[in-house]
Amino acid sequence: MEALVKFVQDEFVARKEFAEFAAGDTITVYYEIKEGEKVRTQFFRGVVIQRKGVAASETFTIRKMSGTVGVERIFPVNLPSIQKIEVNKRGKVRRARIFYFRGLTGKKARITEKRRK
């Protein structure tokens, strides 16, 4: 049964190619919003907290600070309204899911950047 589901996902679900990113990276997601008949592009910039799922059901969670309030948004990777994903900074973290990041404020909430080779 799993092989059949995987086959259907590979054949019929159109996958978009985006830049590789992982937990700790700061990314910008550009996505379309429909307001009546108008369509506009909005972006959401923040730190990736987690990536979860596989293939067609993969999602990623982004957290940003809006003033003093933390805002999280979950995006499916195959969301048709996503136009592009830009990686702004590569973060150096030791975990795949950085939920502890929610409790940090100020200087403690900084993630060190990976050094380029």
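Only this structure's heavy atoms are used, side chains among them; waters, hydrogens and symmetry mates stay out.
- Using a 4.5 Å heavy-atom threshold, the side chains of Tyr31 and Thr41 count as separate.
- Aromatic ring pairs are classed by plane angle as parallel below 30°, tilted from 30° to 60° and perpendicular above 60°; the pair Phe43 and Tyr30 is tilted.
- Each of Arg40, Gln42, Gln83 was evaluated against Glu32; a single residue qualifies, Gln83, per the side chain to side chain donor-acceptor pair (under 3.5 Å) test.
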Under the criterion side-chain hydrogen bond (donor to acceptor under 3.5 Å, both in side chains), I'd like the reasoning laid out for Asn88 against Thr28: C-alpha separation, chi angles, the key distance, then a yes or no. CA-CA 7 Å; Asn88 303 105; Thr28 306; 2.7 Å; yes
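- One hydrophobic cluster holds both Ile27 and Leu79 under the rule that ILVMFWY side chains link at heavy-atom gaps under 4.5 Å.
- Taking all atoms of both residues into account, the shortest heavy-atom contact from Ala96 to Ala23 is O-CB, 3.1 Å.
- At a threshold of 4.0 Å, the pair Lys52-Glu58 does not count as salt-bridged, since none of the basic side-chain nitrogens sits closer than that to a carboxylate oxygen.
- Closest approach of Thr61 to Ile74, counting heavy atoms only: OG1-CG1, 3.7 Å.
- Taking 4.5 Å as the limit, some side-chain heavy atom of Ile62 sits within range of a side-chain heavy atom of Phe75.
- Between Lys84 and Glu86 a salt bridge is recorded (basic side-chain N to carboxylate O distance below 4.0 Å).
- Distance check: Lys107 NZ to Leu104 CG gives 14.5 Å after rounding to the nearest 0.5 Å.
- By the 6.0 Å and 45° rule, Arg73 does not stack over the aromatic ring of Phe60.
- Residues Val47 and Ile111 are in side-chain contact: their nearest non-hydrogen atoms beyond the backbone lie under 4.5 Å apart.
- Of all heavy-atom pairs between Ile82 and Pro76, the closest is CD1-O, 3.5 Å.
- Neither Val71 nor Phe101 shares a network with the other; the hydrophobic side chains, linked directly or stepwise wherever heavy atoms of I, L, V, M, F, W or Y lie under 4.5 Å apart, form separate groups for each.
- With sequence neighbours excluded, the residues forming a side-chain hydrogen bond (donor to acceptor under 3.5 Å, both in side chains) with Glu72 are Arg63, Arg102, listed by chain and number.
- A cation-pi arrangement, defined by a distance under 6.0 Å to the six-membered ring centre and an angle within 45 degrees of its axis, is present between Lys64 and Phe44.
- The number of heavy-atom neighbours closer than 6.0 Å to CZ of Arg95, taken from other residues, nucleotides and ligands shown, is 12 or below.
- Listed here is the closest heavy atom pair of Arg90 and Glu20: NH1-O, 2.7 Å.
- If you chain together hydrophobic residues whose side chains sit under 4.5 Å apart, Tyr100 and Val48 never meet in one group.
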